[in-house]
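Heads up, the thing below is written out as C-alpha cells.
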Amino acid sequence: MIKLIGGKRLNTAVFISGKGSNLKNLIKFSLKKNSPIKIRFVVSNNKKAKGLNFSKKYKIESRIFTYSNKQITENQILKHLKKREIKLICLAGFMKILSKNFIRNFQGKILNIHPSLLPKYRGLNTHERAIENNEQYSGCTVHLVNSKLDSGKIILQQKVKINKKDTAKTLKKKIQKNEYVLYPKAIKKLISTL
Ligand code: GAR
C-alpha cells in the first residue's frame with residue numbers, strides 16, 4: 001500500500017508507446033482538485049507516439065528511450081525517475097516488458113491497464129481472441145506489475161458486455177471508455193490518503 005504524507009500528491013510517471021488516450025485521461029485526472037497524483041514525467045519507447053502531443057500540450061516533461069539495449073535503457077530510465085522523485089509508475093499502452101531488476105526498484109508501485117478480464121487473455125490481440133471464443137463479456141483490468149506478463153495482483157476490473165455485432169474495433173472502443181473510469185479509480189484505491 002502506498003501512503004501519502006500530509007496530503008502531498010504522489011510524483012507519477014506515465015509510460016506510453018502509442019496513441020496515449022489513457023495518458024490524456026490520467027493527465028486530466030491529475031489536474032483535478034483532489035487528485036492524489038502529479039504527473040511529472042512521460043516515458044515513451046516510440047518517438048512517433050501520438051501521446052507525446054499530450055505531454056507537450058500539458059507541459060509535462062517527456063523523454064524518448066529507443067531501447068537499443070534493454071538493460072542500459074532501463075538504467076537510464078531509472079536515473080530519470082529517481083532524479084524526479086517518481087513514486088508511482090502508470091503503464092498506459094506501454095508495449096515493452098520491464099525487467100525483474102527494473103520492477104524491483106519500484107516494487108508494488110507500477111500499475112498497468114490491460115484490455116481483458118485477467119487472468120483471461122494475457123498478451124496481445126485480446127479483443128480478437130475474446131470474440132473468436134464467443135465470450136459474453138470482456139473488459140479491462142488494472143493490476144500491479146510483476147515479472148510475469150499481465151500477472152500481478154489485480155487492483156480493479158470492469159466487465160464489458162460483448163454484443164453479437166461487436167468487432168475487435170468496436171469492442172476496443174467500448175472497453176477503452178471503461179478504462180478511462182477504471183484507471184483513476186484504481187490509482188485512488190492503491191494510494192490511501194492519510
Ligand atoms: C489501452 O487500451 C490498454 O488497455 C492497452 O493499450 C491501449 C493503449 O491505448 N494495453 C495493453 O494492451 C497492454 N498489454 P492508449 O495509447 O490510447 O492509451
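Hydrogens, waters and symmetry mates are skipped; everything else that's a heavy atom, side chains included, is used. Everything numeric here is computed off the predicted structure, so don't read it as measured data. Both counts, for ligands and for their atoms, begin at 1 and track the order of listing.
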Could you tell me, atom by atom, which parts of ligand 1 come under 4.0 Å of a heavy atom of Glu179? 1 (C), 2 (O), 3 (C), 4 (O)

Test your reading of the structure: does Gly20 have an N or O sitting under 3.5 Å from an N or O of ligand 1? yes

Are Tyr180 and Ser21 linked by a side-chain donor-acceptor pair shorter than 3.5 Å? yes

shortest atom 10 (N) of ligand 1-to-protein heavy-atom contact is with Ile113 O, 3.5 Å

Starting from atom 14 (N) of ligand 1, locate the nearest protein heavy atom and write down its residue, its atom name and how far away it is, to 0.1 Å. His114 ND1, 3.2 Å

I want to know if ligand 1 touches Asn112 in the polar sense, i.e. an N/O pair below 3.5 angstrom. no

Over-ring placement of Arg84 relative to Phe41, 6.0 Å and 45° cut-offs: yes

How about Tyr121 and Asp150: does a side-chain donor come under 3.5 Å of a side-chain acceptor? no

With salt bridge (Lys or Arg N to Asp or Glu O under 4.0 Å) as the test, would you mind laying out the steps for Lys120 and Glu135 before giving the verdict? CA-CA 11 Å; Lys120 279 191 165 178; Glu135 297 280 3; 3.1 Å; yes

State whether the shortest distance between N or O atoms of Gln176 and N or O atoms of ligand 1 falls below 3.5 angstrom. yes

Do Asn163 side-chain atoms and Lys165 backbone N/O form a donor-acceptor pair below 3.5 Å? no

Only heavy atoms count here, so choose which of Pro115, Gly93, Ala49 is nearest to atom 12 (O) of ligand 1. Pro115

Numbered atoms and elements of ligand 1 in range of Ser21, under 4.0 angstrom, heavy atoms: 15 (P), 16 (O), 17 (O), 18 (O)

Check for me whether the distance between the ring centres of His80 and Phe65 falls short of 6.0 Å. yes

Does only the side chain of Lys172 get under 4.0 Å from ligand 1, or the backbone, or both, or neither? Count heavy atoms. neither

Are Glu74 and Asn101 close enough that a side-chain donor and a side-chain acceptor fall under 3.5 Å? no

